[in-house]
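Encoded as structure tokens, the structure appears first; notes follow it.
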There are 2 protein chains.
Amino acid sequence: MGIPREIAVPRIMSEAERIFGRHGFAGASMVEIARASQLPKANVHYYFGTKEALYRAVLENTLSGWLADARHWLSPHRTASEGLRGYIAAKLAFSRDHADASKLFAHEILRGGEHVHTYLTTTLRMHVDLIGETLAIWAGRGEIRAVDPPYFMFSIWAMTQFYADMNPQITAVLNGEVDFDRATGTILGLLLHGESPERLDATSK
Amino acid sequence: MGIPREIAVPRIMSEAERIFGRHGFAGASMVEIARASQLPKANVHYYFGTKEALYRAVLENTLSGWLADARHWLSPHRTASEGLRGYIAAKLAFSRDHADASKLFAHEILRGGEHVHTYLTTTLRMHVDLIGETLAIWAGRGEIRAVDPPYFMFSIWAMTQFYADMNPQITAVLNGEVDFDRATGTILGLLLHGESPERLDATSK
DNA sequence: GTCTATACGCTGATAGAC
DNA sequence: GTCTATCAGCGTATAGAC
């Protein structure tokens, strides 16, 4: 009798991601994770050892696949307009559908990011370098202005992840749920045209 | 004998802002705050009652003055270019000089923002409405394109606060400290020109 | 008004039964 | 392999000395 490992472990991982994402490492408790997983709390310790080991497992699981959208869209084979549109849409969809994963990452960085330091200095840094090449190619083709790749990416990450991490602020200001089409439109408007109407003036006058 | 209230209370507030900002509400401990304030932990409880009361006091203290920069720069008396430049510079300076205050706010929102719900639905919402009028005036003058005010503000807040809240990620990717001039340049580039070079093409061809 | 000593609940972790 | 019962330590809060 009893719930077998194959069922228990993924269930714990899923609930842990949700609870760690909502409350952070310190704010989450093992009893809460166990209760949400419908398991005795000792089982969670049996499968993962310590709270921190569970946290690391959940975090690694979250990071894998974190960069897939960028690789898919920010490629020289696409036009800048097409690539940026696709990437922003994908990042915003992630913020909408996996808000807890985004919050988990935000909590970890706010705490200092010790557990993801290696990931940030190796995988993510190389990732940004690679995207920088694409951005340089797009600029060379005249599809975008020349940009500072890391700072450009910081802006995109900030704007898109904001909709997952700061959701309570957004719904409070809007007095209702976020309209992701408007969010997409605003971000793309900034990336593709800026807020200066000078181009329109130049063509209409 | 002993440290008087006039010295102790502001010192506790200051250290509490730093520690709550770094670790969040759950991650911070009263002993840590007391030790950082060089006071017996009982004194902190004597002056503020409970941990949550101290937290609320620190949070309110942080929120006052949070919106002053916007009122100063996002005004119809300025040009859009001048106003946006000043506002972005001010917000980035705040992220650099008061990172702990920014992180405190981020932690609070990540946790659901219960303690700032009234502030968000009254003060901040009215604030955005007011800015919306300025943005509409700027658009009417042809200084910016028409924008969706709240979503436009979300983008600005996201991009500027990112440099305070996600600092570990930034330094890891850059392999060094952030260059605030480049950050300013990137954000202003997006706001004022976008990344599309079409305007330049239109004028040079 | 300021500080020392202490109570007590909650949490992470484990020993050992089934 | 799964789960029940229990422990040890930390963290908030307070009673009471100075």
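Order of the sequence lines fixes the chain letters, A, B, ..., with proteins taken first and strands second; residue numbering starts at 1 for each chain.
For the segment residues 4-19 of chain A, the set of residues with a heavy atom within less than 4.0 Å of an atom of DNA chain C is empty. Within a heavy-atom distance below 4.0 Å of DNA chain D, the residues of residues 21-29 of chain B found are B/Ala28, B/Ser29. Against DNA chain D, the stretch residues 33-45 of chain B makes heavy-atom approaches under 4.0 Å through B/Lys41, B/Ala42, B/His45.
If you take CZ of B/Phe48 and C1' of D/dT12, they are 16 Å apart, rounded to a whole angstrom. Distance, A/Met30 CE to C/dG12 C1': 7 Å, rounded to whole Å. Taking atom CD1 of residue A/Ile3 and atom P of nucleotide D/dT4, one finds them 10 Å apart after rounding to whole Å. Protein atom CD of B/Glu52 is 12 Å distant from nucleotide atom C1' of D/dT12, rounded to whole Å.
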Trace of the salt bridge (charged side-chain N to carboxylate O under 4.0 Å, His left out) decision for B/Asp148 with A/Arg182: CA-CA 8 Å; B/Asp148 230 325; A/Arg182 287 190 175 195; 3.3 Å; yes

B/Glu17 and B/Thr62: CA distance, side-chain angles, deciding distance, side-chain hydrogen bond (donor to acceptor under 3.5 Å, both in side chains) verdict: CA-CA 8 Å; B/Glu17 178 179 287; B/Thr62 300; 3.3 Å; yes

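Minimum atom distance to the side chain of B/Val31 is reached by D/dG11, of the listed D/dG11, D/dA13, C/dG12.
Backbone-only engagement by B/Tyr47 is indicated by non-hydrogen atom pairs under 4.0 Å involving sugar-phosphate atoms exclusively.
Taking a cutoff of 4.0 Å between a charged side-chain nitrogen and a carboxylate oxygen, B/Asp69 and B/Lys91 do not qualify as a salt bridge. No salt bridge links B/Arg56 with B/Glu60; every basic N to acidic carboxylate O contact stays at or beyond 4.0 Å. Looking at A/Asp100 and A/Arg18, no side-chain N of the basic residue comes within less than 4.0 Å of a carboxylate O on the acidic one, giving no salt bridge.
Across A/Ala106 and B/Leu110, no two heavy atoms sit closer than the pair CB-CD1, 4.1 Å. The shortest non-hydrogen separation linking A/Glu82 to A/Trp73 is O-CE3, 4.0 Å.
Note that the two end axes of the helix from C/dG1-D/dC18 to C/dC18-D/dG1 enclose an angle of 0°, each drawn from 5 base pairs, rounded to 10 degrees.
Using the six-membered ring where Trp is involved, B/Phe94 and B/Trp66 have ring planes that are perpendicular, over 60° apart on the 30 and 60° scheme. Ring geometry for A/Phe154 against A/Tyr151 counts as perpendicular: the plane angle is over 60°, on a 0 to 90° scale with 30° as the lower cut.
Applying the side chain to side chain contact (heavy atoms under 4.5 Å, CB included) rule to B/Ile109 yields the partners A/Met166, A/Pro168, A/Gln169, B/Phe105, B/Val116, B/Leu120; only residues at least two apart in sequence or on another chain are considered.
At distances below 3.5 Å, at least one donor-acceptor pair connects side-chain atoms of B/Ser75 with backbone N or O atoms of B/His77.
B/Arg5 CZ to B/Ile7 CD1: the interatomic distance, rounded to the nearest 0.5 Å, is 13.0 Å.
Checking the phosphate oxygens (OP1, OP2) of D/dG1, a side-chain nitrogen or oxygen of A/Tyr46 falls inside 4.0 Å.
For the ring pair (Phe, Tyr, Trp, His ring centres under 6.0 Å) condition, the pairs that include at least one residue of residues 113-140 of chain B, sequence neighbours left out, are B/Tyr55-B/His115.
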